[in-house]
Amino acid sequence: MKLLKLLPVFALLLFVSCGDHEKETDDMDDMAQQAEVRDPADANKQWIDAWNRNNPQELDTLTSADAVLYMEGETMNTDSIRSWYNNVAPMMKDLKTSPEVEYANQEVAYEAGTYSHGIKNDSLEGTYEGTYTFIWKKMDNDWKIQVMNIAGKDEDTTSTDIEEE
């Protein structure tokens with residue numbers, strides 16, 4: 001008889017322990033899924049490598065469908081970005097970035113700094129420099145560029161010469 005009175009308690013304990021096990025399994029699944037998502041710095045490195053290999057298709061796969069590019073005060077949507085990848089990437093060479101600010105959480109990452117690159121077939125072998133900001137967003141278990149802000153380095157127009165009167 002005493003055993004029958006304790007049966008509901010045992011059933012409740014069994015139910016609670018199964019629920020805890022399910023939550024632990026869900027937490028483990030979430031951790032495994034997060035472990036599968038690469039670091040946003042790796043996605044950024046892949047983007048730079050794809051640019052230097054002149055691979056516009058790979059660049060496009062790393063760019064979100066609603067990405068925005070801000071360049072020299074102009075705004076470009078995704079179709080314009082694709083065109084930019086196809087037309088500009090093959091002309092440039094040796095893109096190098098020097099990140100100065102980096103941040104990442106579970107959903108968003110950004111990197112900002114300076115860049116330099118050359119132009120193919122440039123007889124002067126000039127180096128072009130400027131600043132950049134890339135904002136990455138996690139989408140479908142990978143990182144995609146959401147926003148790019150690229151500005152060329154302004155020439156120094158200040159003069160140290162003092163005019164004599």
field: Q146 and D66: side chain donor to acceptor below 3.5 Å
entry: yes
task: Check P56 against N86 and note the closest heavy-atom contact, atom names and distance.
output: CB-OD1, 3.2 Å
Sub-4.5 Å side-chain heavy-atom contact between L69 and T75: no
- prompt: Can K45 and D42 be counted as an ion pair, charged N to O under 4.0 angstrom?
  reply: no
message: If the condition is side-chain hydrogen bond (donor to acceptor under 3.5 Å, both in side chains), which residues does D122 pass it with, not counting sequence neighbours?
response: Y128
task: Look up atom CZ in F134 and atom CD1 in I150, then write down how far apart they are to the nearest 0.5 Å.
output: 5.0 Å
- prompt: Is there a donor-acceptor contact under 3.5 Å from the side chain of N52 to the main chain of L95?
  reply: yes
Side-chain donor-acceptor contact under 3.5 Å, E111 with Y103: no
- request: Check for a donor-acceptor pair, side chain of E72 on one end and backbone N or O of G152 on the other, with a separation under 3.5 Å.
  value: yes
Heavy-atom neighbours of N105 CG exceed 12 at 6.0 Å: yes
query: Can you tell me how far NZ of K96 sits from OG1 of T114, rounded to the nearest 0.5 angstrom?
result: 12.0 Å
message: When you measure from the side chain of S116 to the backbone of E129, do you find a donor-acceptor pair of N or O atoms at a distance under 3.5 Å?
response: no
message: Nearest 0.5 angstrom please: T97 OG1 to N44 CG, how far?
response: 6.0 Å
Minimum side-chain heavy-atom gap K120-N54 below 4.5 Å: yes
field: Mutual orientation of the aromatic rings belonging to Y115 and H117 [parallel < 30°, tilted 30-60°, perpendicular > 60°]
entry: parallel
- request: Determine, stepwise, if the pair Y85 / Q57 fulfils side chain to side chain donor-acceptor pair (under 3.5 Å).
  value: CA-CA 8 Å; Y85 287 158; Q57 294 80 20; over 6 Å; no
query: Hey, does the side chain of K138 reach the backbone of Q106 with a donor-acceptor pair shorter than 3.5 angstrom?
result: yes
message: salt bridge (charged side-chain N to carboxylate O under 4.0 Å, His left out) for E125 and K93? Distances and angles first, verdict last.
response: CA-CA 11 Å; E125 293 293 319; K93 65 178 183 179; 3.2 Å; yes
query: Within a reach of under 6.0 Å around NZ of K144, are more than 12 heavy atoms found that belong to other residues, nucleotides or ligands?
result: yes
query: Does a side-chain heavy-atom distance below 4.5 Å link W84 with M71?
result: yes
Spacing of CD1 belonging to I81 relative to OG1 belonging to T63, to within rounding of 0.5 Å: 6.5 Å
query: How about M92 and W51: do any of their side-chain heavy atoms sit closer than 4.5 Å?
result: yes
message: Can you confirm whether M139 sits close enough to S64 that some side-chain heavy atom of one is under 4.5 Å from a side-chain heavy atom of the other?
response: yes
- prompt: Would one find more than 12 heavy atoms of other residues, nucleotides or ligands at under 6.0 Å from atom CG of N121?
  reply: no
query: Heavy-atom count around E74 CD within 6.0 Å, excluding the residue itself: above 12?
result: no
- request: May I ask you to check whether Y70 and T133 show a side-chain donor-acceptor distance below 3.5 Å?
  value: no
message: Please give me the minimum heavy-atom distance between A89 and L59, naming the atom from each residue.
response: CB-CD1, 4.2 Å
query: Considering only heavy atoms from C-beta outward, does the side chain of R53 approach that of E58 to under 4.5 Å?
result: yes
task: Could you tell me the separation between the CH2 atom of W143 and the CD atom of Q46, rounded to the nearest 0.5 Å?
output: 14.5 Å
- request: Please report the shortest heavy-atom distance between L62 and W136, naming the atom on each side.
  value: O-CZ3, 3.8 Å
task: Heavy atoms only: give me the nearest R38-D142 pair and the separation to one decimal.
output: NE-OD1, 2.8 Å
